[in-house]
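Structure record follows, encoded as structure tokens.
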Amino acid sequence: MYEIIIIGAGPAGISMGVEAHNFGVSPDKILILEKSGEHSFTIKKYYSDKKTVTANFKGFTPVCTGVMCLTDSSKHETISYLDKAIEDNNLNVHYNETVYKIERNESTKSFKIYTNKNIYESRIVTIAVGILGKPNKPDYKIPNEIKEKVLFDITTFEIKNSKVLVVGGGDSASEYCQFLAEEKENNNVYLSYRRKEFSRMNLLNKESIEALVKEGKLTLLLESNINSLESKNGKPVVNFAEKKYGSMPFDLIVYALGGSTPENFLKMIGIEFNGPHPVLKEGYETNIPGMFLIGDLSAGKKGGSIIWAFNSANSAMQQICKNYLQCET
Ligand SMILES: Cc1cc2nc3c(=O)[nH]c(=O)nc-3n(C[C@H](O)[C@H](O)[C@H](O)COP(=O)(O)OP(=O)(O)OC[C@H]3O[C@@H](n4cnc5c(N)ncnc54)[C@H](O)[C@@H]3O)c2cc1C
């Protein structure tokens with residue numbers, strides 16, 4: 001019987017392990033289950049290698065309330081910091097293990113956690129699986145012939161010497177454009193956004209977009225809505241709703257539309273929802289006693305950040321100590 005089982009080894013799951021250890025839970029009573037072969041899969045897959053990982057992502061005030069914290073860093077520094085947190089706290093992470101079912105046993109007040117490899121028991125469960133397991137996709141069809149030319153991240157393969165359309169209006173879209181428009185990559189980059197202005201980007205990313213446009217490295221397609229995609233000679237052609245944009249061919253299309261809460265998974269476990277968001281109480285506890293949602297899953301409509309993930313783990317741990325486990329304070 002574990003004291004705490006944590007599902008997902010991203011910033012939220014790792015900091016949950018660190019917080020639990022810091023509050024006196026022995027590392028052999030903490031287990032982290034991660035579905036991919038390495039921790040922080042979202043960061044590794046979605047961040048470009050040259051990205052600055054910003055502490056105030058999405059305008060969050062960069063104030064840390066728990067053990068873990070972040071200042072503006074490189075992708076490599078951020079991953080090393082998380083590596084070290086696992087190592088220094090002797091956290092036990094089982095990789096390549098996907099959780100597909102969780103049951104609460106009312107009589108023992110504990111949980112049974114089912115993975116593709118094993119069944120575990122724990123007094124507390126924290127779910128930290130993030131929202132990017134399935135990135136948001138457009139609602140029009142992507143023809144089969146061009147599926148390999150339509151991407152949802154920029155690390156799947158190296159993008160060079162290509163005419164690329166980025167679709168989106170948030171920080172990720174801006175960062176993708178900055179990465180793709182670097183001179184040595186020799187790409188011809190376009191950004192399609194449905195609104196007139198970028199209201200969801202932080203100031204730095206907004207200014208970077210403006211600078212790229214001024215330098216002639218980026219073409220902005222503002223107030224553009226995509227009606228459909230088609231394949232012409234194996235290349236994607238984008239049909240815009242607006243006459244001024246018409247139909248345009250590209251070598252590649254990259255969508256930066258964010259992700260969404262894995263509603264089916266959480267509802268199947270029995271977690272209550274209010275519209276698209278899970279109902280959460282103090283310390284991000286769900287309607288199921290002893291089950292917590294942290295990180296991006298607890299951030300609501302605005303979406304989360306790394307510091308949000310760290311702080312949510314600290315809040316959850318405080319609640320766990322108050323109501324469930326005997327902790328050292
Ligand atoms: C392009 C991009 C740029 C960003 N830039 C910044 C930035 O500069 N600064 C910043 O603070 N934030 C940034 N963010 C946001 C930040 O990455 C997230 O807020 C943060 O990663 C959320 O942490 P998390 O632990 O909640 O989820 P995640 O990081 O998504 O981690 C979830 C983990 O759970 C695992 N998992 C999923 N399902 C299961 C399952 N069923 N069983 C077991 N394991 C599972 C996943 O493999 C993954 O490792 C950015 C996001 C994107 C997409």
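Count residues from 1 along the sequence. All ligand and atom numbering here is 1-based and tracks the order in the structure.
For a threshold of 3.5 Å applied to N or O pairs, the pair formed by Thr98 and ligand 1 contains no separation below that value. Residue-to-ligand polar distances place Lys51 within reach of ligand 1: an N/O pair is separated by less than 3.5 Å. Here's the thing with Ala12: one of its N/O atoms is less than 3.5 angstrom from an N/O atom of ligand 1. Taking only nitrogen or oxygen atoms, main chain and side chain alike, Thr42 reaches within less than 3.5 Å of ligand 1. Not one N or O of Gly13 is nearer than 3.5 Å to an N or O of ligand 1, by distance alone. Between Asp296 and ligand 1, an N or O atom pair is found at a separation short of 3.5 Å.
Contact analysis puts Pro11 in contact with ligand 1, with a non-hydrogen atom separation below 4.0 angstrom. The shell of residues lying under 4.0 angstrom from ligand 1, judged by heavy atoms, excludes Glu38.
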Could you walk me through whether Arg123 and Glu3 pass salt bridge (charged side-chain N to carboxylate O under 4.0 Å, His left out), step by step?
CA-CA 5 Å; Arg123 293 178 66 193; Glu3 298 276 42; 3.2 Å; yes
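Of all atoms in ligand 1, listed by their number and element, those nearer than 4.0 Å to a heavy atom of Gly304 are 19 (O). The distance from ligand 1 to the heavy atoms of Ser305 drops below 4.0 Å at these ligand atoms: 11 (O), 12 (N), 19 (O).
The salt bridge (charged side-chain N to carboxylate O under 4.0 Å, His left out) pairs that include a residue from residues 35-49 are Glu38-Lys44, Lys45-Asp153, Asp49-Lys75, where partners are two or more places apart or lie in different chains. Applying the disulfide bond (SG atoms under 2.5 Å apart) rule to pairs touching residues 39-116 yields Cys64-Cys69, sequence neighbours excluded.
Considering only non-hydrogen protein atoms, atom 31 (O) of ligand 1 sits nearest to Gly10 CA, 3.5 Å. Annotation: atom 53 (C) of ligand 1 to nearest protein heavy atom, Leu132 CD1, 3.5 Å. Regarding atom 11 (O) of ligand 1, its nearest protein heavy-atom neighbour is Ile306 N, 2.9 Å. Looking only at protein heavy atoms, the nearest one to atom 42 (N) of ligand 1 is Val99 N, 3.3 Å.
Side chains of Gln319 and Ser315: a donor-acceptor N/O pair is absent below 3.5 angstrom, by distance only. Side-chain atoms of Ser228 and Asn239 include a donor-acceptor pair closer than 3.5 Å. Using a 3.5 Å distance cut-off with no hydrogens or angles, the side chains of Thr52 and Thr54 do not pair a donor with an acceptor. For the 3.5 Å distance criterion, the side chains of Glu223 and Tyr245 fail to qualify, holding no donor opposite an acceptor. His76 and Tyr47 share no donor-acceptor pair across their side chains, judged by distance under 3.5 Å alone. Side-chain contact annotation: Thr115 with Glu97, donor-acceptor N/O pair under 3.5 Å present.
Between Phe60 and Trp308, the ring-plane angle classifies as tilted under the 30° and 60° cut-offs.
At most 12 heavy atoms of other shown residues, nucleotides or ligands fall within 6.0 angstrom of atom CG in Asn233. Annotation: Lys235, atom NZ; neighbour count of heavy atoms from other residues, nucleotides and ligands within 6.0 Å does not exceed 12.
Aromatic ring centroids of Phe152 and Tyr255 lie under 6.0 Å apart.
At a 4.0 Å heavy-atom cut-off, ligand 1 touches Val53 through backbone and side chain alike. Contacts between Leu297 and ligand 1 below 4.0 angstrom, taking non-hydrogen atoms only, are absent altogether. When heavy-atom distances to ligand 1 are checked against a 4.0 Å cut-off, Ala128 comes that close only through its backbone atoms N, CA, C and O.
The nearest non-hydrogen atom to atom 9 (N) of ligand 1, considering only Thr54, Leu293, Thr78, comes from Thr54. Comparing Tyr47, Tyr46, Phe310 by heavy-atom distance to atom 50 (C) of ligand 1, the nearest is Tyr47. When Lys75, Glu34, His94, His39 are checked for heavy-atom proximity to atom 35 (C) of ligand 1, Glu34 turns out nearest. In this comparison of Tyr100, Phe41, Phe57, the heavy atom closest to atom 7 (C) of ligand 1 sits on Phe57.
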